[in-house]
Amino acid sequence: MSQSRGQWSSHMGFILAAAGSAVGLGNLWKFPYIAYENHGGAFVLVYIGAVALVGLPIMIAEIVLGRRSQLSPVGAFLKLTPDRPGHRLWAAPGMLGILAGFVILSYYCVIAGWTLRYILMSVSGQLATMVGDGSFNDFFGAFLADGPQQTLWYTIFMTLTVGVVFFGVKDGIEKVARTLVPLLFVILIALAVYSTTTEGFGRAMTFLFRPNFHELDRGAILEALGHSFFTLSLGMGAMLTYGSYMRRQDSIPKAALAISLLDTAIAILACIIMFSIIFTEDMEVTKSSTILFTTLPQVFFKLPGGSIISGFFYLLVAVAALTSTISLLEVVTSFAIDQLKLARRAAVLLTGGSIYVFGLLSAWSLGASDKLTNFNLIGRDSTVGMLGTLDYLASNWFLPVGGLLIAVFTGWVLSRKASHEEMSDGHGPLPWYNGWQALIRFVAPLVVGAIIVSVILGAEYQ
Ligand code: PHE
């Protein structure tokens with residue numbers, strides 16, 4: 001099996017593809033809005049701490065497991081567990097990862113589809129017109145409730161995702177990542193440089209970087225921790241799967257560090273861009289979760305060249321989302337290839353097709369179908385509707401539980417010899433190997449355990 005397994009053609013190929021997985025709606029849509037909601041400063045600091053102390057060590061762990069086993073999540077855990085009674089139970093975190101990939105991809109493509117419509121509306125001038133005559137205010141709600149529209153954009157985005165994975169590791173994913181990730185970074189830097197010329201830039205920087213710990217409650221700390229999982233694509237085997245394609249001679253810690261830094265930089269750049277514009281216009285943000293789709297366009301068109309800025313911006317969001325959805329589908333597809341012994345193309349069509357059908361439930365749960373819109377499994381405001389329920393289950397349960405199990409497995413079940421060998425391949429002795437062991441054995445499980453307990457106790461973790 002390992003003979004026929006594809007490999008990244010270079011170190012940068014792996015870093016760019018993994019960074020493409022990490023950078024997505026989590027950075028550009030979710031982080032700015034939760035940072036805004038939680039008053040910036042202190043929240044941003046806790047988030048950066050979570051990335052460094054929990055995210056980075058778990059990312060190293062996932063890549064170690066993937067490259068060591070040369071398999072996708074389920075196979076990886078089974079292969080790396082010593083053959084003792086009950087060892088097959090370690091298939092559980094792998095299965096949970098497949099489930100998480102399945103669920104997240106199904107609703108993620110719905111949201112990602114909106115960006116395509118926004119690109120089109122920007123380029124055609126329709127968005128400018130609507131913002132100009134005020135009809136934009138009613139647009140978004142009506143768009144969400146429009147079943148055929150939701151189906152259309154969702155279908156297009158899912159087709160793009162399936163198409164890229166269909167063409168295989170080297171030919172598909174690497175090519176896309178190679179061109180699109182640097183492009184995305186460049187466009188973001190350009191927009192951020194532009195924002196330094198706006199009046200609100202100073203206020204945006206103060207808001208983001210001056211911590212005020214009185215404004216930080218327990219729920220915000222937990223939210224920052226949880227988001228570090230989602231944004232780094234951790235806890236469900238995405239990095240594990242990509243790691244299985246990584247070349248032996250490349251350094252895992254260096255790659256993980258580069259990916260975490262890039263992901264964090266992009267989230268911060270997105271905040272600088274959005275907050276600068278918001279503060280320049282002195283906007284009152286009533287519903288922060290919609291900044292990306294409802295507030296931002298109104299601001300774009302107060303600026304010169306609004307249609308161009310807006311078109312570029314949503315293109316950038318679409319690109320970021322696509323490189324994330326590719327990795328989500330890759331996890332489920334690799335499972336079908338390795339465990340069900342399917343050929344790659346058959347596996348892609350089977351998994352992509354079933355996820356597509358399942359995702360229609362989310363696409364129609366924003367007003368198109370009453371039943372799906374009012375679907376209420378957990379009974380809290382934010383979890384109402386099929387899309388809300390699935391997002392709640394995936395980010396509050398699947399990813400943290402998966403991350404906890406990955407940390408415990410790598411720290412306590414995988415032999416020190418194995419992890420040391422993977423981490424030091426061709427790079428001599430590692431002075432900070434013991435530091436990573438301490439983080440993965442104690443710090444990460446305890447912190448993630450606290451997140452899970454807080455969810456069980458019903459704390460405001462979302
Ligand atoms: N990290 C991606 C984002 O920030 C989402 C994602 C989560 C992708 C889990 C893969 C696995 O948008």
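In what follows, every heavy atom counts, from backbone to side chain, and hydrogens, waters and symmetry copies are set aside. Whatever order the structure lists ligands and atoms in, that order sets their numbers, starting from 1. Only a predicted model underlies this, so the values are computations on that prediction, with no experimental measurement involved.
Protein residues lining ligand 1, listed by chain and number: Ser21, Ala22, Gly24, Leu25, Gly26, Asn27, Tyr108, Phe230, Thr231, Ser233, Met236, Ser324, Ser327, Leu328 [non-hydrogen atoms, distance under 4.0 Å].
Taking the side chain as every heavy atom from C-beta outward, Met121 and Phe139 approach each other to under 4.5 Å.
Under the rule for a side-chain contact (heavy atoms from CB on, under 4.5 Å), the partners of Val74 that lie at least two apart in sequence or sit in another chain are Leu78, Ala91, Met95, Ile98, Phe335, Gln339.
Defined by atom type and a distance below 3.5 Å, a donor-acceptor pair is present between the side-chain atoms of Ser327 and Ser21.
Close placement of the Tyr154 and Tyr356 rings is indicated, their centers lying within 6.0 Å of each other. Ring centroid separation for the pair Trp29 and Tyr33 comes in under the 6.0 Å cut-off.
A salt bridge links Arg248 and Glu422; the closest N-O separation between the charged side-chain nitrogens and carboxylate oxygens is under 4.0 Å.
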